[in-house]
Each structure stands twice: as C-alpha cells, then as structure tokens.
Amino acid sequence: MPELPEVRTVARTLDRLLKGKAIEGIEIYREKNVLDGKDHFVSLLFGKRFLSVDSHGKNLLFHLSEGTAILAHLRMEGKYFLRDEGEERGKHDILLFHLAGGKALVYQDVRKFGTLEARKEEELWDRPPLSLLGPEPWDADPGEIYRKMHRSKKPVKELLMDQRILAGIGNIYADESLFEAKVHPLRPGLTITEEETNLLLKAASSIMKEAIERGGSTIKSYHPEKGVDGRMQLFLKAYGHGNEPCPRCGFPLRRLEVGGRGTTFCPLCQKDPGKPLLIGVTGTIASGKSTFSHHLEEKGYTRISADEIVRDLYENPSIIKQIGRIAGVNAVEGGRIRKDVLLRKMGEDPRIRARVEKLVHPRVFKEILSRVKKIPHEGKAVVEVPLLLGSPIEETMDLVVFVHAKEEMVRERLLARGKDPREALKVSPRFDKGEVRRKCGLILDGSGPLSSFLEEIDGIPYL
C-alpha cells in the first residue's frame, strides 16, 4: 500500500496535471468504490474545477471550486492518470472524469479496494477518516507521541503504523525509521524512552522527506505517474533486505512478522535491551552444528543444546514410561530407553515418530525458553536445535545459522559415532532449500576439515 511519500508524490503529480481543469462529465463503472453513492458524488462534483491536490497521511485530497472536495484512498493498487478522450476503457477502470480540453482523469484499481468520496470542503476534517488521524511525523508533538506510546504494550512498530497516532507511516517507512533510530521493532511501546521517541520522529521525518524528493518507493504496483517509477527503493537500508548484511555493522538483517507484516531489522544495531543476543543453529545431521555451538561457547556464548535436553528427558521416569507405551516394551529395558530400538521404530513407523515428537518437542522448546530467560540481558547465547525452523522458538532468535555437509561425510561421521547411517538418516529432518535461504542469515558448509571450519567461523566478524 502506498505510504505518505508515495501519496504525496501522486498528489504533486495530479496537482500539476489537473489545476484549473473543469469536470464535464463523470462515469462510474464500479459504484462500491464511491462511498457516498453515485448520485451524490456526480451531483456535487459535476461542473466543478480542480483548484489543487494535496494529501494527509495516506489520503489524497482534491480541492475543487465552490467549496467542494474529493477524499480518496489508493489502498493496495489504486492509481490515477490522464488519458486522451476516446481511448478504450481499461479492464480495471473504476471511475472516469471527462475534463475540458479533451482529456480524461481515470481512476484504475486492480484490487478494487480504493475509495472516493465527495464532500463539502468544511466537512473534510469533521468526520472519519480524517478526524481520526494523527499528525504527520514533522507536525507531531514528541511529548504527545511519547505519552501515547508509553500507554501501550503493543510492539513499537505497530504503534508507528497506527494512523491514529501518526499519519502516513506504513510498513516500508516504519522499518526504515526504526533502523535509523536503532530501535528494535518488537519492543513494547511502554519501554520506549522520550529520547527514542524523538529519534524515531526525527528519523521518520527525514526519511519520508527524502522519499518524497525521490518520488517514493516503487514497490509492486505503485507508480507516481503512468510509466514512471519512484527511486526511493534504491536507497532503502532495511526494508526488503532480509538476510543481507546490515549496512552499519554487517550482521545479517533479520526478517520477522510483526502484527502480520513482514519486518526487517538489524538484531545487533537495534538490539532489544530486554533480551540477550540469540544465535540459533540448525541443519542436517552430523553436519557440524555441535562444532559450531561449542566453538561459540569457547568465545563466551552460553550454549543451549536441544539434543542434550532430550537426553535429560530420556532419563525422566515419566517420559520413559510414556515412551514405552508409544513404542512398545522392547523400546525400554531395565527402566531405560533403548535409543537404538526407539530410533529404528521411529524410522519404520511415522505414527510412532509423530507421537514421540508430540511428547518430547514441546518440553524441549519450553526448557530452551526457560534457560534463555536466565541469561543476562547483556549476554549472548547459541541455541542448537535440529528442528529450529518452523518451531515456536524460531522467531526469538536474532540470527539463524544453517550448517550442512555432503552426504558421504555425514555417513562417515555417523559410523565413527557408532550409529547406523541408514537408521539415523531416516529420522533426520529434511530441509527445503527455499526455506533455508529465506530464513537463515548464515549458511555454512561443514564438510571440510575441522581446522578449516573453525577458521571460517573465526572469520565471521559479528560472532
């Protein structure tokens, strides 16, 4: 959805194209987009002249003669452009204004979510949506914005995008403003200080003014003018750059969901002061995950291993009893789990595997989170979890590292550990390459000699 800079750019373009032009006719092809009804819209606007076009937040404001106005919202893919009279109607045309001088102003919307409404000028600000909108960032009182944020437990990114607090900021410029101000997007509003509020407003104002000068960010369908792209997307530092190196510190930018919106930030530059830095490591069996996590432990990281937690669980009498019921009595002998038998049964019977995982995994994830809470906020930890991707703890990680190795090397290592490669590989997790590339900020090949692998880890500047 176009944000303030894109809408302001559209307004400037339309102001230049429409000023002084009279409306000689109106054709409405889809009445649902005209909120005040076709008859009222046409009767109020017919014969009026366009005086100027401006915007507030994400809303377009067309000011016409005789104190009339049009309030419009582009929503996802709405666009306005001039067309020569007589040209064929477009498939996605919603509305057309016939203008004096042989031109027509067309409103086109592929998704059909955009709206238009005719009003008297004095009514524009008296009722929603404009009456509900907050100020634009450069007009905001920092103290008032701080008070509104400080009353909320919602993530600060959601608050930045709340049009009742600040008008015009959407997903793109929220990411950019938070990155510039070095504020973590998931921090609750009540933890944001007055100084950070000032930094956020300053960043939002500066970035959005720059975006206006560059014609906005052409993301997906937005174009300020037919056949013309904005250029701000070439200068975005965070939005759309997930897993790329941070332009400030080199740490891989992280992409998460915040309030249902994709969010990109730097976990190091925008560190949440209320939690330690968490490096999650996952990957194929016998690939080098443990080598990686043990090496970071030597560097001062707290190490948490899901496999070690599972081993502890398998010593729990209650878990042993339940495993016996799930996998059969021969999976338990002398009050202990026979791991080789359990592994074989899980590989042979998907139902047994599913029931064991349902029993064990929630307890493992709960224990990991419990241990993370005990780490000082200024600390750092490496969390080794074979099934990290898609798990409840994935989004708590600041960096996800994926370690893989060639199959022949994996088999050699499993044999050296006294394990049957065939049985072990049956229950080893499978990874989708697309998901790995999308979710993992660092991908390492652990196939080579140990010394080379450790040297590679040591060469990563942000670890």
Side-chain angles (χ1 to χ4, degrees), residues 1-83 85 93-101 103-109 112-140 162-170 212 224:
M1 181 186 295
E3 302 177 33
L4 186 155
E6 289 74 47
V7 177
R8 183 65 51 84
T9 303
V10 170
R12 287 181 172 182
T13 302
L14 292 175
D15 184 68
R16 170 171 52 83
L17 296 174
L18 296 178
K19 190 169 289 186
K21 287 185 168 57
I23 298 173
E24 295 185 339
I26 303 173
E27 293 186 54
I28 298 175
Y29 307 122
R30 192 172 189 276
E31 294 186 32
K32 286 184 179 180
N33 297 79
V34 180
L35 299 183
D36 51 336
K38 177 180 179 179
D39 294 341
H40 176 266
F41 190 86
V42 172
S43 64
L44 190 63
L45 300 178
F46 181 80
K48 306 300 191 296
R49 284 183 301 105
F50 287 98
L51 302 180
S52 64
V53 185
D54 61 19
S55 65
H56 182 78
K58 301 178 183 181
N59 297 273
L60 278 171
L61 308 176
F62 297 81
H63 304 282
L64 291 86
S65 57
E66 299 181 36
T68 57
I70 303 170
L71 173 63
H73 201 301
L74 298 170
R75 299 298 175 190
M76 299 295 291
E77 299 194 21
K79 54 179 71 71
Y80 289 87
F81 57 89
L82 288 186
R83 177 190 290 165
E85 284 283 16
D93 290 358
I94 299 294
L95 180 146
L96 181 144
F97 295 95
H98 295 282
L99 306 176
K103 292 286 186 181
L105 173 66
V106 180
Y107 176 60
Q108 195 175 82
D109 192 342
K112 299 179 174 59
F113 292 153
T115 59
L116 303 94
E117 185 176 357
R119 290 189 184 181
K120 286 290 188 180
E121 188 77 46
E122 66 268 17
E123 298 174 344
L124 268 178
W125 297 91
D126 290 344
R127 51 193 173 97
L130 296 186
S131 64
L132 300 177
L133 294 182
E136 295 178 337
W138 37 77
D139 294 327
D162 187 336
Q163 302 301 295
R164 296 166 299 179
I165 296 176
L166 286 168
I169 300 179
I212 291 169

Closest non-hydrogen atom pair, Ser52 against Asp15:
CA-OD1, 3.1 Å
How many angstroms lie between atom CD of Glu3 and atom CD1 of Ile169, to the nearest 0.5 angstrom?
8.5 Å
Please answer whether the main-chain N or O of Lys38 pairs with a side-chain N or O of Glu31 as donor and acceptor at a distance below 3.5 Å.
no
With heavy-atom distances below 4.5 Å as the criterion, would you say the side chains of Leu60 and Val7 are in contact?
yes
So, the side chain of Glu136 versus the backbone of Gly57: is there a donor-acceptor pair under 3.5 Å, distance only?
yes
Donor-acceptor pairs under 3.5 Å, side chain of residues 67-76 to any protein atom, not counting sequence neighbours: which ones?
unit_1	atom_1	unit_2	atom_2	d
Thr68	OG1	Ser65	O	2.8
His73	ND1	Arg75	N	3.0

How long is the straight-line distance from CG of Leu35 back to CZ of Phe41, given to the nearest 0.5 Å?
9.5 Å
For Arg30, does the CZ atom have more than 12 heavy-atom neighbours from other residues, nucleotides or ligands under 6.0 Å away?
yes
Where do Ile212 and Arg8 come nearest, in terms of heavy atoms and distance?
CD1-CG, 3.9 Å
Would you check if Leu14 and Phe50 make a side-chain contact, meaning some heavy-atom pair closer than 4.5 Å?
no
Those residues that, when tested against Tyr107, pass ring-ring contact (aromatic ring centres under 6.0 Å, His included) (two or more places apart):
Tyr80
What's the spacing between Asp109 CG and Lys79 NZ if we round to 0.5 Å?
7.5 Å
Strictly by side-chain hydrogen bond (donor to acceptor under 3.5 Å, both in side chains), give each pair with a member in residues 40-51 just once, sequence neighbours left out.
Asp36-His40
Supply the atom-to-atom distance Arg83 CZ to Lys103 NZ, rounded to the nearest 0.5 angstrom.
11.0 Å
Expected output: side-chain Asn33 to main-chain Leu116 donor-acceptor under 3.5 Å
no
Quick one: side chains of residues 21-28, donor-acceptor pairs under 3.5 Å with protein atoms, not counting sequence neighbours, listed by atom name and distance.
unit_1	atom_1	unit_2	atom_2	d
Lys21	NZ	Leu17	O	3.2
Glu27	OE1	Tyr29	OH	3.2
Glu27	OE2	His98	NE2	2.6

Sequence neighbours excluded and cut-off under 3.5 Å, please list the side-chain donor-acceptor pairs for residues 124-133, or say none.
unit_1	atom_1	unit_2	atom_2	d
Arg127	NH1	Glu117	OE2	3.2
Ser131	OG	Arg127	O	3.3

Results of side-chain hydrogen bond (donor to acceptor under 3.5 Å, both in side chains) for Asp54 - residues two or more places apart only:
His63
With the side chain counted from C-beta on, respond yes when Phe97 and Leu18 share a heavy-atom pair under 4.5 Å apart, and no when they do not.
no
Minimum heavy-atom distance Pro137-Leu4, with the two atoms named
CD-CD1, 4.3 Å
All heavy atoms of Ala167 vs all of Gly134, minimum pair found to be CB-O, 3.2 Å
Atom pair NE2 (His56) and CD (Gln163), whose distance is rounded to the nearest 0.5 Å:
8.5 Å
